[in-house]
Amino acid sequence: MRTAYTSDQIRSAELALMARLPEGTLMDRAAAGLAAVCAHLLAGSRGRVYGSRTVLLIGSGDNGGDALYAGARLARRGARVEAVLAGSRTHEGGLAALRKAGGRAHPYDAVRARELLADADLVMDGLVGIGGSGSLREPYGTLAELTAEAGGLVVAVDVPSGVDASSGRVEGPAVRAHLTVTFGAYKAGLLVDPGATHAGAVELVDIGLGPFLPDPEVAALTADDVADLLPRPGEESDKYRRGVVGIAAGSDRYTGAAVLSVGGAVRAGAGMVRFASSAEPVRLVRARWPEAITTVLDPSLVLKSSLDEVGRVQAWVLGPGLGTGPEAHAVARAVLSTGVPVLVDADGLTLVAKDRTLLRRAAPTVLTPHAGELSRLLGVPRERIEAGRLDHVRRAAAELGATVLLKGSTTLVAEEHRPVRVNTTGTPWLATGGTGDVLSGIAGALLAAGLTGYDAASCAAYVHGLAARTAAGGGAAGRGQAPIAALDVAQALPEALRTL
């Protein structure tokens, strides 16, 4: 599991470690790791380090010192290293080391900086470290914007300047790095958008902080973690032991959501899927997924909050394409009145936002909103949620008393008193209608199989993203991928699961 921390947690660990080491040891370790990564990049892009052009953007803090010492190491290997000194002061030891190694330093000048960046094979962003917050002051803001014109690779030192290391917030100009070399431990803001987008790929350099780190604020499951959590049938398994999931979804207007959510559950390995809806969605589900046991809901029974006609289930999925009228509200109340775990998605979230009493239940509840739906649940503008996804998903979990899976470019899973889990799989091609319905079916199947809401949501997001990559035919960055439809994701689930 990859764990990530706030700036304060990292600083405390650094202080504890520095108290046991000679002065300058941590900076030397960080600079050595940074230089090694940059040398590898230069060797890969130019074939050698010797003669390459490297530009250092240097701020006032220790972040600038790390970059200067790393630049000195590259200069000793024959790189042409130029430093732009943009801070009110400069790390004296690092600057002396750079000059001794043959590197050159220049006071900040916008015209000269633009020229240097345009010709650079590699740019090291050492302007602001983990202590930075809020909008960049000048000339840092201008330099951050100029990095977009750089001719070569942009490497952020510890965290891209302009990105809040603890939250991933970006307020104003910020460096967009191809790679971030971070020291000691992952910072939470490097894993969560918008910060994650600015960080690019993230490489961790171990400087010895491990024994001094507290419990993490953020974590990301690896493939091994997910493989350990996923339920697997044994010799004695039958369809009931594997989990029976009930799905209340779809309407005469939104029939596709029913087909997709059932497909997600079937392909994710549910022992049995019981689908309940109006006549037209039931007809289409029967035609596409004959494995599902279907029930046309009797409105008179639903209005009495009774789902006895559906049969026994171990978890429910509520909401995709359900509608938001009186009958849909009655279905929601009936499902949420049961004593089994319930996943609420799409129209179900709209119903809950209008009637929060629906969430007064003892059994586990998983909510799977996107930013707009979470905006309605919390009464917070969508743009504020997008800007501070970590803060708002935590708040939602606490206020709503539920596990909350916040969908988006980085999917987050929050539960009170637990680290927020960040999903690392997926592809931009997932941004298409109906993929969330498939996700709800996957998570519902895992809930029915006995996983907790926290684990079911986390594993479902991981598997969903993996299936999307499989369907698109390429890696995480989108190279070699093609557009996909939601049903493609459901169909790719068995192949994705085989890799785990």
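Numbers for residues simply follow the sequence, beginning at 1.
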Check: Does Ala220 offer a backbone N or O that forms a donor-acceptor pair with the side chain of Arg2 under 3.5 Å?
Finding: no
Check: Judged by modelled atom types alone, do Asp225 and Thr222 share a side-chain donor-acceptor pair under 3.5 Å?
Finding: yes
Check: In this structure, are over 12 heavy atoms from other groups packed under 6.0 Å from Arg104 atom CZ?
Finding: no
Margin query: With a 6.0 Å cut-off (strictly less than), is the heavy-atom count around CZ of Arg77, excluding the residue itself, greater than 12?
Written below: no
Item checked: Spacing of OG belonging to Ser375 relative to CD belonging to Glu383, to within rounding of 0.5 Å -> 7.5 Å
Next item on the list: Please check if the side chain of Ser166 supplies one atom and the backbone of Ser7 the other of a donor-acceptor pair under 3.5 Å.
Entry: yes
Checklist line | Test side-chain contact (heavy atoms from CB on, under 4.5 Å) applied to Leu34 and Val205, step by step | finding: CA-CA 8 Å; Leu34 174 61; Val205 170; 5.9 Å; no
Note to self: What's the separation between atom CG in Leu143 and atom OG in Ser161, rounded to the nearest 0.5 Å?
What the structure shows: 9.0 Å
Margin query: For Leu500 and Val463: C-alpha separation, side-chain torsions, deciding distance, then whether side-chain contact (heavy atoms from CB on, under 4.5 Å) applies.
Written below: CA-CA 9 Å; Leu500 298 171; Val463 170; 4.0 Å; yes
Next item on the list: Give a yes or no answer on whether the side chain of His198 reaches the backbone of Val175 with a donor-acceptor pair at less than 3.5 Å.
Entry: yes
Margin query: I'd like to know if the side chain of Asp158 and the backbone of Phe183 have a donor-acceptor N/O pair within less than 3.5 Å.
Written below: yes
Margin query: If you compare all heavy atoms of Ala461 against all heavy atoms of Leu405, which two are closest, and at what distance to 0.1 Å?
Written below: CB-CD1, 4.3 Å
Item checked: Asp455 and Arg418 ion-paired at < 4.0 Å -> no
Next item on the list: For Asn63 and Val157, indicate whether the former's side chain and the latter's backbone hold a donor-acceptor pair under 3.5 Å.
Entry: yes
Next item on the list: Look at the side chain of Arg389 and the backbone N and O of His392, then say whether any donor-acceptor pair between them is shorter than 3.5 Å.
Entry: no
Next item on the list: Compare every heavy atom of Ala185 with every heavy atom of Tyr5, then report the nearest pair and how far apart it is.
Entry: CD1-CB, 3.7 Å
Check: Are Arg356 and Leu400 side-chain neighbours, meaning at least one heavy-atom pair lies under 4.5 Å?
Finding: yes
Margin query: So does Leu466 get a backbone contact from the side chain of Thr470, meaning a donor-acceptor N/O pair under 3.5 Å?
Written below: yes
Next item on the list: Could you tell me the separation between the CG atom of Leu343 and the CG atom of Leu318, rounded to the nearest 0.5 Å?
Entry: 8.5 Å
Next item on the list: Before accepting this row, confirm whether a basic side-chain N of the pair Arg176/Asp125 lies closer than 4.0 Å to the acidic partner's carboxylate O.
Entry: no
Check: Got a donor-acceptor contact below 3.5 angstrom from the Ser12 side chain to the Gln9 backbone?
Finding: no
Next item on the list: Step by step, work out the side-chain contact (heavy atoms from CB on, under 4.5 Å) result for Arg394 and Leu412.
Entry: CA-CA 9 Å; Arg394 286 192 184 105; Leu412 305 179; over 6 Å; no
Next item on the list: Give a yes or no answer on whether the side chain of Ser261 reaches the backbone of Asp437 with a donor-acceptor pair at less than 3.5 Å.
Entry: no
Notebook entry, point to check: Where the side chain of His91 meets the backbone of Ile58, is there a donor-acceptor pair that is under 3.5 Å apart?
Noted result: no
Notebook entry, point to check: Nearest heavy-atom pair of Leu68 and Thr90: which atoms, and what distance?
Noted result: CD1-CG2, 3.8 Å
Check: Is a side-chain donor-acceptor pair under 3.5 Å present for Ser409 with Asp193?
Finding: yes
Notebook entry, point to check: At their closest point, which heavy atom of Leu117 faces which heavy atom of Thr147, and how far apart are they?
Noted result: CD1-N, 4.3 Å
Check: Checking side-chain contact (heavy atoms from CB on, under 4.5 Å) for the pair Leu221/Leu229: CA distance, chi angles, key distance, verdict?
Finding: CA-CA 10 Å; Leu221 296 182; Leu229 288 168; 4.2 Å; yes
Next item on the list: Considering non-hydrogen atoms only, spot the tightest contact between Arg395 and Leu378 and give its length.
Entry: NH2-O, 3.4 Å
Note to self: Among Leu42, Leu56, Val55, which residue satisfies the side-chain contact (heavy atoms from CB on, under 4.5 Å) criterion with Leu122?
What the structure shows: Leu42
Checklist line | CZ on Arg114 to OG1 on Thr142, rounded to 0.5 Å | finding: 9.0 Å
Check: Once you round to the nearest 0.5 Å, how far does CG of Asp66 lie from CE of Met124?
Finding: 10.0 Å
Check: Hey, are Arg360 and Asp355 close enough for a salt bridge, meaning a charged N less than 4.0 Å from a carboxylate O?
Finding: no
Next item on the list: Taking the side chain as every heavy atom from C-beta outward, state whether Arg267 and Val438 have any pair of such atoms under 4.5 Å apart.
Entry: no
Notebook entry, point to check: Using 4.0 Å as the upper bound for N to carboxylate O, is an ion pair formed by Glu14 and Arg11?
Noted result: no
Check: CG of Leu374 to CG of Leu367: how many Å apart, nearest 0.5 Å?
Finding: 9.0 Å
Next item on the list: Over all heavy atoms of both residues, which pair between Leu116 and His106 is shortest? Give the atoms and the distance, please.
Entry: CD1-CD2, 4.1 Å
Margin query: Under 6.0 Å from the ring centre and within 45 degrees of the ring axis: does the NZ or CZ of Arg421 meet both conditions for the six-membered ring of Tyr454?
Written below: yes
Checklist line | Asp121 and Arg80: CA distance, side-chain angles, deciding distance, salt bridge (Lys or Arg N to Asp or Glu O under 4.0 Å) verdict | finding: CA-CA 10 Å; Asp121 296 305; Arg80 294 164 50 192; over 6 Å; no
